[in-house]
Amino acid sequence: MTHCQTPLRLFNTLSRSVEEFRPMASPKVRLYACGPTVYGRAHIGNFRTFLFVDLLRRVLVLFGFEPEHVMNYTDVDDKTIAAAKAASLPLREFTNQYIALFEEDLKTLRILPPDRRPRATDHIELMIALIEDLIRKGHAYVGEDGSVYFRIASFPDYGKLAHLDRRGLQPGARIAQDEYVKESVGDFALWKAWKAEDGGVGWASPWGKGRPGWHIECSAMSMHYLGQEFDIHCGGADLIFPHHENEIAQSCCATGKAFVRTWLHCSHVLVDGEKMSKSLGNVYSVADVLAKGYTGRHLRFLLLTASHYRQTLNFTWEGLAAAKAAVDRIDDWLARWRRLPPTRFAASAPEGEAFLASFCASLADDLNISDAVGRFFDFLRATNRAMDLGTLLPDLPSIWEIVDSVLGLGTVGPIEALRPPSAHPNAEAVILAGETPPLRVQELLARRAAARSRRDWKESDSLRKAIEEQGWTVRDTPEGQELRRR
RNA sequence: GGCGGGGUAGCCAAGUGGUAAGGCCGGGCUCUGCAAAAGCCCUAUGCGUGGGUUCAAUUCCCACCCCCGCCUCCA
């Protein structure tokens, strides 16, 4: 189902410019995204990045590509080891919990699960083989401490992605304690020798017991699943340096190939204009947002559409309330046309075509979702007006399918009519919640229907209030009462 | 210091060398028993500040003032 014919243009961090995207073996697109380090609950900043990857993936499909999406779990590093130890749990058991929570949050945010989600600890042999290869080729060496380091001096292009030259890597204030064992400050660990604080965590290797450095896992797993050279590698902007720079160095030196064609990076989230930090108490998880009465769809809409992915996104509760209002408006629009008979929709209509063309054009321009959504709201208003007037509509069902393939909001619940013989006679109402209202609400609804037929407005109003108190909203339409979850 | 990203209405935000998308909030109106929803109208003579180029700049150039990120923990 290719709907957008326009060439897709993306900003490549490598060239710092917007380029037409052309995969190596179109329509296949091999896509690798750096995943979370699973030592704690991920926060909304993390999810902005994963939502960006989700957007990219959905847009690729919309433009006729077939992405194969791989995302890793970093389940071994200083933090996971320390946190597992603090929790008195084996590393694997500890990280399992956070992977489960993360996947639950992905589902809440309606993020499509990556095709593969490899864990670092399941691929230690691959990493060891890669490190051996780098040593063999003279790009890595074993330090006095038994750790293996990558020699950045052996890779002339080092710094190409981050646009840092070696002068920027001179010894500074933050010299690592293991400095004396490395040839150069910029050299980074491929393999870390076992230390007492690692406890039971460690794997046998040609250099003794130890564990992989952070960067090597992504090189090993991405090349293993996607090939030595693949199309897109993406992640948060903070990963540009050193993580992705180091991945490039390792991978290119090992294979002599270009590794990745297009690098994409998503900017960070601020909260109330400030960087999230535990000391400020502004690090929010998906669960925190749900606890305030918002849904995953509200948060998704905010993080996905509030600004361009290369722009810093300032999260505020006020902004989330605005996102909820916008989603509610979309839901009302959906509920409205979904109840219409098929005869109201034209098979093809110029306004529908024009809208889709502009929607595609916006997304083709480096995933300009804000602009695309702006077009969508124009279209929403135009079709609402057509519904007011009762004129023929564009093919809304198929157009929405396309729009929602990107927005990922879904269509909430089935539109059902609740009428006798339901639990309560006269409780007829259209339900827009996707869940059956409790008997108490059905009863109130029935009484209200009766009051309304008597034109007892006072009773009708107090029953509406009672229904509100049960967490439901009732509206009156020419077709009768309409019930929805508040 | 090096590299990079920003400053557009009450809030969020797109955008263009030709006179400011969209969302939220607010005000008015239509419809309605009421309410809600929906629609219509209004809400930046203005796009950080000062210069310059141009017939024309928010959009290009120069200078300046703020804010933020990265520079081997970090989505």
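Just so it is clear, the values below take in all heavy atoms, side chains as well, and ignore hydrogens, waters and symmetry mates. Just so we're on the same page: letters track the sequence lines, and every chain starts at 1. Quick caveat: nothing in here was measured; it's all calculated off a predicted structure.
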Just call it for [X]: base, sugar-phosphate, or nothing, with non-hydrogen atoms closer than 4.0 Å on any strand.
X      : result
A/R455 : nothing
A/S370 : base
A/M71  : nothing
A/G319 : nothing
A/R375 : nothing
A/H243 : nothing
A/D461 : base
A/D77  : nothing
A/W214 : sugar-phosphate
A/D476 : base
A/F377 : sugar-phosphate
A/Q311 : sugar-phosphate

What interatomic distance, in whole Å, is found between [atom1] of [M] and the corresponding atom of [N]?
N     : M     : atom1 : value
B/U54 : B/G15 : P     : 29 Å
B/U43 : B/A20 : C1'   : 14 Å
B/C55 : B/U45 : P     : 28 Å
B/C11 : B/A44 : P     : 14 Å

### Task
Tell me whether the centres of the aromatic rings in A/F230 and A/F259 are closer together than 6.0 Å.
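Yes, close enough.
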### Query
Applying the side chain to side chain contact (heavy atoms under 4.5 Å, CB included) test to A/T13, which of A/H163, A/H265, A/R310 qualifies?
A/H265
### Query
Looking at B/C12, B/C70, B/C11, which one has an atom nearest to any side-chain atom of A/K275?
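Selected nucleotide: B/C70.
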### Task
Look at the side chain of A/M276 and decide which nucleotide, out of B/G2, B/A75, B/G23, has an atom nearest to it.
B/A75
### Contact nearer the 5' end of RNA chain B, comparing A/R385 with A/H268
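Taking each residue's closest nucleotide, the earlier one in sequence belongs to A/R385.
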### Query
Which residue, A/H163 or A/T37, contacts RNA chain B at a nucleotide closer to its 5' end, judged by nearest heavy atom?
A/H163
### Task
Kindly check if A/C4 and A/C360 bring their SG atoms closer than 2.5 angstrom.
yes
### Task
Please report the C-alpha distance between A/N246 and A/F150 in whole Å, then the side-chain angles of each, then the deciding distance to 0.1 Å, and finally whether the side-chain contact (heavy atoms from CB on, under 4.5 Å) criterion is met.
CA-CA 9 Å; A/N246 291 354; A/F150 183 87; over 6 Å; no
### Member of A/W333, A/F301, A/F359 meeting the ring pair (Phe, Tyr, Trp, His ring centres under 6.0 Å) criterion with A/F376
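For A/F376, the ring pair (Phe, Tyr, Trp, His ring centres under 6.0 Å) test succeeds with only one of A/W333, A/F301, A/F359, which is A/W333.
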### Task
Specify the separation, in whole Å, of atom CG of A/N72 and atom P of B/A75.
11 Å
### Task
In whole angstrom, give the distance that lies between atom CZ of A/F11 and atom P of B/G4.
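To the nearest whole Å, that distance equals 11 Å.
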### Task
Count the heavy atoms belonging to other residues, nucleotides or ligands that lie under 6.0 Å from CZ of A/R16, then report whether that count exceeds 12.
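More than 12 heavy atoms, drawn from other residues, nucleotides or ligands, come within 6.0 Å of this atom.
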